[in-house]
Peer 1: 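Input: one structure, supplied below.
The analysis underlying the following values was restricted to heavy atoms, covering all of them including side chains, and did not include hydrogens, waters or symmetry mates. The model shown is predicted, which means the values in this text are computed figures rather than measured ones.
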Amino acid sequence: MHTVVVGTSGVTASDVLAVARGGARVELSAEAVAALAAAREIVDALAAKPEPVYGVSTGFGALATRHISPELRAQLQRNIVRSHAAGMGPRVEREVVRALMFLRLKTVCSGHTGVRPEVAQTMADVLNAGITPVVHEYGSLGCSGDLAPLSHCALTLMGEGDAEGPDGVVRPAGELLAEHGIAPVELREKEGLALLNGTDGMLGMLVMALADLDMLYKSADVTAALSLEALLGTDRVLAPELHAIRPHPGQGDSAANMLAVLQGSELTGHHQDDAPRVQDAYSVRCAPQVAGAGRDTLAHARLVAERELASAVDNPVVLPGGTSQAFGSGGGRVESNGNFHGAPVAYVLDFLAIAVADLGSIAERRTDRLLDKNRSHGLPPFLADDAGVDSGLMIAQYTQAALVSELKRLAVPASADSIPSSAMQEDHVSMGWSAARKLRTAVGNLARIIAVELYAATRAIELREGLMAAPASLAVIEAARSAGVRGVGPDRYLAPDLAAAEEFVRTGALVEAAEKVTGALR
């Protein structure tokens, strides 16, 4: 099995995907263990001093002014985990929880949190055992990080609360730890706080959304090309020299993908034959501009994610040096900061939701055009075999339209909102967790919308007799049939299997089929 080694300098997006989705094992590097031990020496030395240090010998948030005596500090760390594990609602997906835990471990291993090496090793052991804490949908404001979700994870490390075992059964966490030979952790100064204070949930969901959208944007380029072909549109608008004079990288990539799919088609360029039109509709002609703008948004979001993956997000943080002599000759200190604020991640999560809504909207407009006999240039109403007796794909488009409307609601930014908490100490929050949760829903809906366009475009191409479709289009149609996506053949009267079409898109099979002819899409 693939192993991901966590060091002090962060992790990559591929590391997150390997652990969250691929079940990869996690190991701590020798460098990380040394950094953990060094930072812990600083915390222990500061804890022994009579002066209060936030997060080490004080309360938290609005209660940070209280000095906590040594005999109560272990109880304080346990209590912060227990009190903060206050999430509600449905369970969060296993891959999200694994990403959340892994990214918290990444920050712990930076050497800036003051957590002991044995606590970090327990985090890795729980991941490697396939134990997944029960984390709930609601509870994070995205400031002081994803507190409630991370608290439920920390509760599992303590052997408390519920978790899902590798067999998928939810049981008491203590039982699962015992079965796998993992000793529950007994938290010491600062450790409870360090396990809770990060943007790990929203970042994990961002990384997974970026991976999914990279594939879905390629899929949308393919279905847009199929729709252009089925509508007898012109591919001249995809010429590289046209996109070079407006040099947005994403636009050029989308146009190149569409042009590659349409290579060798006998259907394109016939828009002057029977029903002259000056140019194709915006939903066809401007497909690269809309998809390209979304691709450029993805690029910006990926940059933010890469910076966060290299970050140590905690409050307070342990820093070497300073005026203290507690850590050898160099000293060390614990500093309060605001790096836990989720605004950078929340913004791009919302930006992506807007781009996804627009991509879904333009795909639906092309589908509607394919089904309208007044605008489809010779195709039967609703692509029906016998219109009137057969409604064709009329209601499939209804489903697609409902999904588009839902995308528009999901595009309303969460990060524009804030609600004060902790007795006005935490008076401006990011709502980044909420932004991530709605983006996950939007990404799933986008796959369904593209699936409906695929279904309609492939059926429309099959109805164009006498002219040969592009080799890539034919390869997509054949692969879709093999995957159980029913077309206009002898099963034309059966209910459209949109679930099969969705699976064909969601798994990347659509892109794979096109790339067998076109080569790698951009």
Side-chain angles (χ1 to χ4, degrees), residues 28 33 35-87 101 104-105 107-126 131 133 144-163 172-178 181-198 314-318 324 326-327 332-336 340 422:
L28 311 185
V33 173
L36 285 160
R40 187 64 207 179
E41 285 188 37
I42 296 175
V43 171
D44 286 341
L46 294 175
K49 288 182 170 291
E51 298 85 6
V53 178
Y54 176 66
V56 176
S57 53
T58 70
F60 311 116
L63 305 177
T65 55
R66 178 179 172 183
H67 183 254
I68 307 299
S69 59
E71 66 274 11
L72 293 176
R73 290 175 189 170
Q75 181 181 340
L76 168 66
Q77 300 300 319
R78 289 195 301 272
N79 286 349
I80 190 175
V81 172
R82 290 168 175 167
S83 66
H84 284 46
M101 295 172 65
R104 195 69 219 141
L105 177 60
T107 281
V108 164
C109 286
S110 70
H112 290 292
T113 67
V115 168
R116 289 168 294 150
E118 49 265 44
V119 176
Q121 185 58 56
T122 302
M123 296 171 75
D125 291 343
V126 169
I131 298 171
S144 283
D146 295 318
L147 288 173
L150 283 164
S151 297
H152 284 279
C153 294
L155 207 61
T156 294
L157 299 179
M158 293 166 50
E160 300 181 16
D162 292 328
E175 292 181 11
L176 288 167
L177 294 185
I182 302 172
V185 298
E186 296 182 6
L187 300 175
R188 288 169 47 180
E189 289 95 342
K190 194 182 178 303
E191 290 180 332
L193 188 59
L195 294 176
L196 314 185
N197 216 333
D314 193 17
N315 180 50
V317 292
V318 179
S324 169
F327 182 55
R333 67 191 194 274
V334 173
E335 294 283 2
S336 182
F340 53 76
S422 191

Peer 1: Would you call Cys109 and Leu28 a side-chain contact if the rule is heavy atoms closer than 4.5 Å?
Peer 2: yes
Peer 1: Give a yes or no answer on whether the side chain of His112 reaches the backbone of Val318 with a donor-acceptor pair at less than 3.5 Å.
Peer 2: yes
Peer 1: Taking all non-hydrogen atoms of both residues, which atom of Leu150 and which atom of Leu196 are closest, and how far apart?
Peer 2: CD1-O, 3.2 Å
Peer 1: Any idea which heavy atoms bring Arg66 and Leu72 closest together, and the distance?
Peer 2: NH2-CD1, 4.2 Å
Peer 1: Using a 4.5 Å cut-off on heavy atoms from C-beta on, say whether the side chain of Leu157 contacts that of Leu187.
Peer 2: no
Peer 1: Any non-hydrogen side-chain atom of Met123 less than 4.5 Å from a side-chain atom of Thr156?
Peer 2: no
Peer 1: Between CZ of Phe340 and CG of Leu147, what distance do you get to the nearest 0.5 Å?
Peer 2: 9.0 Å
Peer 1: Go through it in stages, so that I can follow the logic: the residues are Val126 and Leu177, the test is side-chain contact (heavy atoms from CB on, under 4.5 Å), and I'd like the CA-CA distance, side-chain angles, deciding distance and then a yes or no.
Peer 2: CA-CA 8 Å; Val126 169; Leu177 294 185; 3.8 Å; yes
Peer 1: So, the side chain of Arg104 versus the backbone of Ala194: is there a donor-acceptor pair under 3.5 Å, distance only?
Peer 2: yes
Peer 1: Side-chain contact test, heavy atoms from C-beta onward, threshold under 4.5 Å: evaluate it for Met101 versus Pro133 and give yes or no.
Peer 2: yes
Peer 1: Would you mind checking if Glu189 and Arg40 are paired as a salt bridge, meaning a charged N to carboxylate O distance below 4.0 Å?
Peer 2: yes
Peer 1: Taking C-beta and beyond as the side chain, do Val33 and Gln121 meet within less than 4.5 Å on heavy atoms?
Peer 2: no
Peer 1: As an exercise, state the distance from CZ of Arg116 to OG1 of Thr113, rounded to the nearest 0.5 Å.
Peer 2: 11.5 Å
Peer 1: Rounded to the nearest 0.5 Å, what separation is found between the CG atom of Leu195 and the OG1 atom of Thr107?
Peer 2: 11.0 Å
Peer 1: Using a strict threshold of under 4.0 Å (side-chain N to carboxylate O), is an ion pair present between Asp44 and Lys190?
Peer 2: no
Peer 1: Between Arg73 and Ser57, is there a donor-acceptor pair closer than 3.5 Å when you use the side chain of the first and the backbone of the second?
Peer 2: no
Peer 1: To the nearest 0.5 angstrom, please state how far the CD atom of Glu191 sits from the CD1 atom of Ile80.
Peer 2: 12.5 Å
Peer 1: Write down the atom of Ala154, the atom of Val81, and the distance for their closest heavy-atom approach.
Peer 2: CB-CG1, 3.8 Å
Peer 1: Are the side chains of Leu155 and Arg82 in touch, meaning some heavy atoms are under 4.5 Å apart?
Peer 2: yes
Peer 1: More than 12 heavy atoms of other residues, nucleotides or ligands under 6.0 Å from CD of Glu118: yes or no?
Peer 2: yes
Peer 1: When rounded to the nearest 0.5 angstrom, what distance separates CG in Asn79 from NE2 in His84?
Peer 2: 11.0 Å
Peer 1: How close do Gln77 and Leu193 get, heavy atom to heavy atom, and via which atoms?
Peer 2: OE1-N, 3.3 Å
Peer 1: For residues Val334 and Tyr54, report the shortest heavy-atom separation together with the two atoms involved.
Peer 2: CG1-O, 3.9 Å
Peer 1: Do you know the tightest heavy-atom contact between Asn197 and Ser144?
Peer 2: OD1-O, 2.9 Å
Peer 1: If you measure from CG on Asp146 to OG on Ser151, what distance do you get to the nearest 0.5 Å?
Peer 2: 10.0 Å
